[in-house]
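Below is one structure, written out as structure tokens; comments come after it.
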There are 2 protein chains.
Amino acid sequence: MKTFTTGEIAKYCDVNLRTVIRWIEKGELKGFKLPGRGNNRVKEEDFINFLRRYDIPFPEELKTHASNNSILIVDDEVQVAKAIKRVLKGAGYSTLLAHDGFKAGSHLMKERPGLMTLDLSMPGLDGYDVIRFVREAPVVSQTKILVISALDKPALEKAIECGADAYLQKPFSNSELLSAVELLLDSPQQSSIAG
Amino acid sequence: MKTFTTGEIAKYCDVNLRTVIRWIEKGELKGFKLPGRGNNRVKEEDFINFLRRYDIPFPEELKTHASNNSILIVDDEVQVAKAIKRVLKGAGYSTLLAHDGFKAGSHLMKERPGLMTLDLSMPGLDGYDVIRFVREAPVVSQTKILVISALDKPALEKAIECGADAYLQKPFSNSELLSAVELLLDSPQQSSIAG
DNA sequence: TATTCAAATGTCGCAAATGTCATTTAAATT
DNA sequence: AATTTAAATGACATTTGCGACATTTGAATA
């Protein structure tokens with residue numbers, strides 16, 4: 001469990017240590033106290049939530065820490081999933097497969113991959129729900145989501161509105177897949193790409 | 001009796017080993033000494049009490065292992081899930097709801113509840129698969145699984161064979177639900193009850 | 001624009017808590 | 001038994017919490 005001291009947070013936020021303590025006291029930043037005199041500690045997760053909530057730019061150190069380049073492939077059609085896996089592994093990515101919602105959710109939370117490819121139409125699973133859920137779950141909300149589906153444009157655009165980062169309409173070529181993935185994994189974790 | 005070394009505790013709490021020793025010396029954390037040079041050990045139970053007393057968040061590794069008494073309710077029928085939740089909350093358990101496989105998997109891995117109630121027949125999700133998957137995933141393999149279903153006995157028995165801890169056949173009473181849950185959460189997390 | 005005022009943040013000093021380092025020794029591993 | 005790993009310890013360095021007070025900020029108002 002990675003934690004931060006008030007001093008570290010003070011540096012990251014370029015603010016006085018006293019102020020950090022006050023944030024914690026007020027509950028604006030979630031923390032806990034050690035025994036002893038009650039020195040404060042903040043869980044990495046809680047600190048990240050705090051930064052996001054107040055749109056504070058990420059310290060470099062946290063960016064790399066938070067980015068994992070493994071890829072979770074979510075598709076109930078085993079053949080499709082394997083085909084995607086083959087291409088991505090060939091390009092050097094480490095991959096995880098999930099053929100149902102349960103495994104998808106487990107792997108996502110356990111491994112916290114940097115990107116997931118998501119089949120919008122899986123039995124018993126609403127792809128849009130999944131996207132929204134991921135975007136609202138602090139620890140994985142930055143996961144890149146590449147929607148892969150044979151549905152029509154409006155359906156795919158809706159996925160973007162829900163929070164997906166990009167989509168690939170079936171059928172697609174290997175190179176289209178790869179360039180979509182590379183684009184997403186190279187792009188910044190946060191906000192503005194435009195310059 | 002599971003015990004921890006000062007080093008392990010230091011890692012869990014993200015604190016220096018020296019500090020852990022001082023906590024023990026001061027009596028803030030209960031421990032005992034081995035013969036030899038007097039290396040410290042802390043009983044799991046005492047460590048958990050310590051974490052609770054000081055509101056220190058549980059390290060991931062301990063979440064399931066030791067006393068996480070929260071309950072994950074997996075059922076696609078919202079009304080059923082809510083009814084179960086009501087009963088369990090009433091008895092003092094903290095609960096989590098999941099109406100589809102994705103959320104179930106996410107919550108399981110994120111919160112590592114001590115017990116999950118599982119509807120065997122959810123759309124797009126094979127309950128037996130879920131049970132096997134949980135049993136094979138080291139970090140959550142000790143999670144108690146209470147199968148809840150309207151299927152017949154053979155189907156329920158099959159769930160037990162797959163690794164479920166118990167089942168409740170619908171319809172069931174509130175008290176049946178409660179006693180099943182209590183039985184499971186009071187029983188040892190690991191192996192042998194016999195003795 | 002200037003003024004006012006409350007809330008937020010910064011400063012300072014001290015005592016206490018925590019971290020670091022080098023060394024010694026027990027415990028685990030082979 | 002030899003080797004490797006991990007823990008305890010003392011001495012010392014650094015960081016933190018806190019109270020009291022100063023300063024800055026930002027919005028409302030004159």
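Computation of the quantities below employed the complete heavy-atom set of this structure, encompassing side-chain atoms and omitting hydrogens, waters and symmetry-equivalent molecules.
Of the candidates dT16(D), dG10(C), dA27(C), the closest approach to any side-chain atom of R37(A) belongs to dT16(D). Distances were taken from every side-chain heavy atom of E25(A) (C-beta onward) to each of dC18(D), dT9(C), dT16(D); the shortest belongs to dC18(D). Taking only side-chain atoms of R22(B), from C-beta outward, the nucleotide of dT16(D), dA20(D), dT20(C) with the closest atom is dT20(C). The V15(A) side chain lies nearest to dT9(C) when the options are dT20(C), dT9(C), dA26(C).
Put simply, T6(B) has no side-chain N or O that comes within less than 4.0 Å of OP1 or OP2 on dA6(D). Between W23(A) and dA8(C) there is no side-chain polar atom (N or O) within less than 4.0 angstrom of OP1 or OP2. The phosphate of dT16(D) (OP1 or OP2) has no side-chain N or O of N40(A) nearer than 4.0 angstrom. Close to dT15(D), at under 4.0 Å from its OP1 or OP2, lies no side-chain N or O of T5(A).
We find that CD1 of I21(B) is positioned 15 Å from C1' of dA17(C), with the value rounded to whole Å. Distance, I24(B) CD1 to dA17(C) C1': 16 Å, rounded to whole Å. Put simply, CG on N16(A) is 14 Å from C1' on dG13(C), counting in whole angstrom units. Residue D14(B) contributes atom CG, which lies 8 Å from atom P of dG19(C) at whole-angstrom precision. Rounded to an integer number of Å, the gap from CG of L29(A) to P of dT9(C) is 12 Å. Rounded to whole Å, the distance from NZ on K33(A) to C1' on dC18(D) is 10 Å. In this structure, F32(A) atom CZ and dG17(D) atom P are separated by 12 Å, rounded to whole Å. Atom-to-atom, CZ of R41(A) to P of dT18(C) comes out at 7 Å; the value is rounded to the nearest Å.
Residue G38(B) is the one, among R18(A) and G38(B), whose nearest nucleotide of DNA chain D lies closer to the 5' end (criterion: closest heavy atom).
The aromatic ring centres of H107(A) and F102(A) sit 6.0 Å or more apart.
A cation-pi arrangement is present between K2(A) and F4(A) under the rule of less than 6.0 angstrom and at most 45 degrees off the ring axis. Annotation: cation-pi pair K158(B)/Y128(B) present, NZ/CZ under 6.0 Å from the ring centroid and within 45° of its normal.
Within the 4.0 angstrom heavy-atom criterion, no nucleotide atom of any strand lies near K11(B). N39(B) comes within 4.0 angstrom of sugar-phosphate atoms only, judged by non-hydrogen atoms across all strands, and of no base. Contact annotation for K26(B): backbone-only contact, meaning every heavy-atom pair under 4.0 Å involves sugar-phosphate atoms and none involves a base.
Between the side chains of E157(B) and Y167(B), a donor-acceptor pair is found at a separation under 3.5 Å. Under the 3.5 Å distance criterion, with hydrogens and angles disregarded, a donor-acceptor pair is assigned to the side chains of S141(A) and R52(A).
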